[in-house]
Enquirer: 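Would you mind keeping the following structure in view while I ask a few things?
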Amino acid sequence: MNIKERTKEALRKYDTGTKYSHLPFPKASVLVPIFVKDGKLHLILTVRSMKLQTFKGEVCFPGGKLEPEDQNEIDTAVREAEEEIGLEAKDVDVVCSLVPIISKAGLLVTPVVAFIQETFQPIPNQDEVSDVFSVPLDYFLNPAQHFSHSYELPDGTSSRIHFF
């Protein structure tokens, strides 16, 4: 079994499906696009445009808010990836949906993991994305590249932000 198939098998164990879809939060999704290059896993990330109202210049996965035409979180993630970086739905091999997080804007954000082709050439929507780049997954798994910081939320609960 190759790295792509082993990764798919491992990730499917964490698939949450629609388990969290009923939660009473505004919904959003991100696509976590993975590809294999030289036998290693890589992720596609974007830099948000400085033209946007929120989260200007932040590095993130392609994604956005649920729209009325979206049937589910997967539809949202795939649609947003096409709008932001030109990744067509036919080129997205969805593997799973992971446990969502509540963003600092109060959105329930579902990560949707998918494989794409190594040959994908992004076409950034300049109104939303200023750059698209890839990073080997190993970079994020290296403890020397990671630190985190705890902070307190206005309601008194604490959270942690991670930096790479």
Side-chain angles (χ1 to χ4, degrees), residues 7-8 10-35 37 40-68 70 72-85 87 92 94-116 122 124-164:
T7 303
K8 285 173 140 182
L11 284 168
R12 285 190 181 116
K13 295 175 185 173
Y14 300 97
D15 187 13
T16 61
T18 59
K19 181 177 182 178
Y20 299 97
S21 298
H22 71 282
L23 294 175
F25 291 93
K27 309 285 190 294
S29 295
V30 294
L31 190 72
V32 181
I34 303 173
F35 65 92
K37 180 178 178 183
K40 295 188 180 229
L41 300 173
H42 290 69
L43 299 172
I44 297 268
L45 293 164
T46 68
V47 178
R48 289 178 54 87
S49 171
M50 296 305 284
K51 299 175 189 175
L52 295 171
Q53 301 253 335
T54 58
F55 313 120
K56 297 175 186 183
E58 289 190 7
V59 173
C60 59
F61 292 112
K65 293 179 184 176
L66 177 80
E67 297 289 341
D70 298 332
N72 54 41
E73 291 86 350
I74 293 172
D75 285 355
T76 302
V78 172
R79 176 185 52 74
E80 286 284 346
E82 185 163 4
E83 287 176 12
E84 292 180 10
I85 63 172
L87 180 58
V92 176
V94 172
V95 177
C96 66
S97 296
L98 299 176
V99 175
I101 63 155
I102 299 173
S103 74
K104 58 189 175 187
L107 298 169
L108 186 71
V109 181
T110 300
V112 175
V113 182
F115 272 90
I116 64 170
N125 174 344
Q126 295 299 314
D127 291 331
E128 297 188 39
V129 174
S130 64
D131 195 15
V132 180
F133 62 98
S134 66
V135 179
L137 181 61
D138 288 347
Y139 176 85
F140 296 103
L141 302 176
N142 180 347
Q145 303 296 341
H146 175 261
F147 70 96
S148 61
H149 175 71
S150 294
Y151 63 96
E152 191 169 310
L153 297 168
D155 67 1
T157 59
S158 64
S159 190
R160 182 170 292 279
I161 188 166
H162 298 268
F163 299 90
F164 294 91

Enquirer: If you define the side chain from C-beta out and look only at heavy atoms, does anything of V94 sit under 4.5 Å from F115?
Expert: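 Result no, sub-4.5 Å side-chain heavy-atom pair not found.
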
Enquirer: Quick check: closest heavy atoms across F61 and L31, and the distance to 0.1 Å?
Expert: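 Heavy-atom minimum between the residues: CB-O, 3.1 Å.
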
Enquirer: Return the CG to NZ distance between N72 and K27, rounded to the nearest 0.5 Å.
Expert: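 Result: 12.0 Å between the selected atoms.
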
Enquirer: Give the intermediate values and the outcome of side-chain contact (heavy atoms from CB on, under 4.5 Å) for residues V129 and V47.
Expert: CA-CA 6 Å; V129 174; V47 178; 5.8 Å; no

Enquirer: Which distance, rounded to the nearest 0.5 Å, do you find between the OG of S29 and the CD1 of I74?
Expert: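 Reported value, rounded in 0.5 Å steps: 8.5 Å.
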
Enquirer: Roughly how far, to the nearest 0.5 Å, is OG of S134 from CG of L43?
Expert: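 Atom-to-atom, L43:CG and S134:OG are 9.0 Å apart.
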
Enquirer: How close do R48 and C60 get, counting heavy atoms only, and between which atoms?
Expert: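 Heavy atoms of R48 and C60 come nearest at CG-SG, 3.5 Å.
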
Enquirer: List the steps, then state whether side-chain contact (heavy atoms from CB on, under 4.5 Å) holds for V30 with V112.
Expert: CA-CA 6 Å; V30 294; V112 175; over 6 Å; no

Enquirer: How long is the span from the CG atom in L11 to the OG atom in S97, to the nearest 0.5 Å?
Expert: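 These two atoms lie 11.0 Å from each other.
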
Enquirer: Report the distance from atom CD of E80 to atom CG of L66, rounding to the nearest 0.5 Å.
Expert: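 The distance works out to 10.0 Å.
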
Enquirer: Begin from the C-alpha positions of S49 and Q126 and carry the test side-chain hydrogen bond (donor to acceptor under 3.5 Å, both in side chains) through to its verdict.
Expert: CA-CA 7 Å; S49 171; Q126 295 299 314; over 6 Å; no

Enquirer: Might you work through the side-chain contact (heavy atoms from CB on, under 4.5 Å) test for F133 and V59, ending with a clear yes or no?
Expert: CA-CA 10 Å; F133 62 98; V59 173; 3.7 Å; yes

Enquirer: Which atoms form the tightest heavy-atom contact between K65 and D70, and what is the distance?
Expert: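 Looks like O-OD2, 4.2 Å.
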
Enquirer: Would you sort out whether I116 and L87 count as a side-chain contact (heavy atoms from CB on, under 4.5 Å), showing the intermediate values?
Expert: CA-CA 9 Å; I116 64 170; L87 180 58; 3.7 Å; yes

Enquirer: Does either side chain, that of E152 or that of T157, offer a donor lying less than 3.5 Å from an acceptor on the other one?
Expert: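 Not at all, the side chains of E152 and T157 share no donor-acceptor pair under 3.5 Å.
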
Enquirer: What heavy-atom pair brings T110 and L98 nearest, and what distance separates the two atoms?
Expert: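 Looking at all heavy atoms of both residues, the shortest contact is CG2-O, 3.8 Å.
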
Enquirer: Taking atom CG of D127 and atom CD of E83, what is their separation to the nearest 0.5 Å?
Expert: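 Result: 11.5 Å between the selected atoms.
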
Enquirer: Looking only at heavy atoms, what is the nearest atom pair of G106 and P26, with distance?
Expert: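 Closest heavy-atom pair between G106 and P26: O-CD, 3.7 Å.
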
Enquirer: Under the ring pair (Phe, Tyr, Trp, His ring centres under 6.0 Å) definition, can you give me all pairs with a residue in residues 141-160, not counting sequence neighbours?
Expert: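 Listed by first then second residue: H146-H162, H146-F164, F147-F163.
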
Enquirer: For a quick test of reading the model, state the closest non-hydrogen atom pair linking I44 to P62 and the distance between them.
Expert: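 In this case the closest contact between I44 and P62 is O-CD, 4.3 Å.
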
